[in-house]
A.B. asks: 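Please read through the structure below; I'll follow up with questions.
It should be emphasised that the depicted structure is a prediction, and the values quoted were computed from it without experimental measurement.
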Amino acid sequence: MSYDCYPDKEILKHELSKEPYYGDLLQNYVDGNFQYAVNWLESQGLLSHLPGINRIHFLHSLLLQVHGSKSLEEYGAATLRALFGYMPNDRQREFAQLFLKHANLYIPNPNHAELTHYDSRRNALEQYPLDVLETPEKGSQLVVTAYVKSYLEILETLLSAQRNRLPPFMLIGPSGAGKTLLLQRAVMENSGYQLVTINCSTQLTPSYILHALRTHCVTVSGLKGREYRPKQARLVLFMKNLDLCQLDSWGACEVVELLLQLVQRAGFYAENLEWIGVNGLQICASISGNPMKIAPRYFAINQFVRVSRPTSQDMLEIVQRRLEPLLGEHFRVVGGRGSAGGGGVNLQHASESLMECFEKLQATFTATGGRQAHYQFSPKCIMKLLHDLVFYPSSDFNEALHCELLGMFKDRLISEEHVQQFEAILKQTMRKYYGKEKVFFVPKSPKSRGQLRCLSHDEWLEEVQRQVTICSEYIRKNQ
């Protein structure tokens, strides 16, 4: 039976009748505004890239988000959360402005309508402030911006769903947008939740997924046979980059078919054909590429969270907050934020120069990326670069930054022309942070855990010769 055959109006009436607060009032809100929102989505042609999605899916998303709403303001925020996943991030502002105007809902700043959320204390719609960023906790890499707060709010409603119907959901966004960090933060804020991450690839098989479930669950026996249950309150299975899984000759994927069975049937058949139930499992997947590679039957039963890369201003703030503790603690630069310290490094200038270099590299090599898949310079590259600076000697900030830029970007280039373009951008943007000529960083010792030491050119040649001698002697003894 197709979803098109379901009487959506009767489903809506039945589900809203079970709402604990003002079911009839919610019915009036939906009748007056939901149809307008769906008509706009269809008229803009935004559903052509979403296989298997139709009006009944919008209705299911709305019912999931609107549960417990008590006012028109709360319903308006729930509708935005429900429908944002079906449109690109660059169209969310336009949609939010039109929908809120049609529903006669006031917001302080329509220019950032996509950041609208419901404030239960004031019973009014508010917006996440753009100029307020939360410093990440120790050990975390996620800097919470206004847009990150809006993503976390949607994730919270999905993760807090009732145990008898745990909706699967997908994080859709480009590489480097922070999808993994978002899910880790959202799961961490829910007590008793356990996150299991599986990195998808063409080598992934269903047996590995079942092994992961068996490892992180306890097996109990009951009237219906054996059953896997989480060791805690809930097990969140995160399929990272699900679109990388191998497809067979007919376009099907065994991994996706197993996930579909786990969601719809809450169990699987073991090798001995015994049915094993799975309870308390919620499946999340991330997609960076084309959603058309996911089977429509599985894709259509998911909820969606659209994640975009940070804006230029947010990215600059993120770089500053990641670089500040490095300059203040590891590289022993004394001085406040944005000021030159004892080491002569200005935090504001270093951050702006690094971001200018990164943006010019993106603009230069994006067109080339169509032919060279590894030319994907995303914000993840900058975060990894800053993370790796801690392994360098504390007295060599300029040399460390220069070395990491070469390793992160130059070593990926495949032609002399691209190398020359890179060096021209580096001279233009990072001239002040050029390191010494012919300085090399090598591990301090085989047990140094990544810590590096600096060598001059002559010292490096001596070290290389010494290692060659050691290897040659080892080979001679074992011949």
Side-chain angles (χ1 to χ4, degrees), residues 64 67-68 136-142 144 151-171 178-201 203-242 244-245 253-287 298 301-305 307:
L64 181 66
H67 178 68
E137 300 177 359
K138 190 173 183 179
S140 173
Q141 298 184 15
L142 183 66
V144 182
Y151 304 147
L152 289 175
E153 183 186 22
I154 300 175
L155 286 175
E156 177 59 31
T157 59
L158 297 174
L159 291 171
S160 61
Q162 297 178 4
R163 190 179 179 89
N164 58 348
R165 51 174 187 176
L166 302 180
F169 58 95
M170 288 186 177
L171 299 170
K179 300 184 290 297
T180 302
L181 295 177
L182 280 168
L183 184 63
Q184 290 174 347
R185 172 67 178 264
V187 172
M188 183 181 63
E189 292 180 349
N190 287 272
S191 177
Y193 282 34
Q194 183 181 7
L195 178 64
V196 176
T197 301
I198 295 180
N199 293 285
C200 299
S201 67
Q203 288 77 39
L204 182 66
T205 60
S207 60
Y208 181 80
I209 299 176
L210 298 180
H211 170 73
L213 290 178
R214 184 168 58 252
T215 303
H216 294 89
C217 294
V218 294
T219 305
V220 297
S221 298
L223 296 176
K224 296 182 179 180
R226 288 198 298 165
E227 184 179 69
Y228 287 173
R229 291 183 181 177
K231 296 179 181 180
Q232 302 184 42
R234 184 179 301 182
L235 181 67
V236 181
L237 181 65
F238 179 38
M239 306 297 296
K240 187 174 180 179
N241 297 320
L242 184 61
L244 297 182
C245 290
C253 177
E254 292 183 352
V255 171
V256 173
E257 294 302 317
L258 173 62
L259 298 180
L260 180 65
Q261 183 171 279
L262 289 173
V263 172
Q264 292 187 328
R265 307 298 180 188
F268 63 95
Y269 283 104
E271 293 181 354
N272 59 357
L273 299 184
E274 176 192 6
W275 177 259
I276 299 179
V278 180
N279 188 25
L281 174 68
Q282 188 167 18
I283 299 176
C284 170
S286 68
I287 296 178
Y298 179 72
I301 64 176
N302 280 264
Q303 302 296 311
F304 306 105
V305 182
V307 182

A.B. asks: Mind telling me whether F268 and Y228 have parallel, tilted or perpendicular rings, with 30° and 60° as the class edges?
C.D. replies: tilted
A.B. asks: Sequence neighbours left out, what passes ring-ring contact (aromatic ring centres under 6.0 Å, His included) with Y193? Give chain and number order.
C.D. replies: none
A.B. asks: Does Q261, at its CD atom, have more than 12 non-hydrogen atoms belonging to other residues, nucleotides or ligands within less than 6.0 Å?
C.D. replies: yes
A.B. asks: Would you mind reporting whether V305 and L158 have side-chain heavy atoms less than 4.5 Å apart?
C.D. replies: yes
A.B. asks: Judged by atom type as modelled, is there a donor-acceptor pair below 3.5 Å linking the side chain of H211 to the main-chain atoms of S207?
C.D. replies: no
A.B. asks: Measure from the side-chain N and O atoms of R265 to the backbone N and O of L260, and report whether any donor-acceptor pair falls under 3.5 Å.
C.D. replies: no
A.B. asks: Checking side-chain contact (heavy atoms from CB on, under 4.5 Å) against R234, which of L166, N190, V187 comes through?
C.D. replies: L166
A.B. asks: Does M170 reach the side chain of Y298, with side-chain heavy atoms less than 4.5 Å apart?
C.D. replies: yes
A.B. asks: Quick one: does C217's side chain get under 4.5 Å of R229's, heavy atoms only?
C.D. replies: no
A.B. asks: Less than 4.5 Å apart, any side-chain heavy atom of L171 and any of C284?
C.D. replies: yes
A.B. asks: Using side-chain heavy atoms (C-beta onward) and a distance below 4.5 Å, is L159 in contact with F169?
C.D. replies: yes
A.B. asks: Treating Q282 as the side-chain partner and P167 as the backbone partner, does any N or O pair qualify as donor plus acceptor under 3.5 Å?
C.D. replies: yes
A.B. asks: Would you confirm whether S286, through its side chain, and N241, through its main-chain N or O, come within 3.5 Å as a donor-acceptor pair?
C.D. replies: yes
A.B. asks: Are L237 and L195 packed together at the side-chain level, in the sense that at least one heavy-atom pair is separated by less than 4.5 angstrom?
C.D. replies: no
A.B. asks: Can you sort out the partners of E274 under salt bridge (Lys or Arg N to Asp or Glu O under 4.0 Å), two or more places apart, ordered by chain and number?
C.D. replies: R226
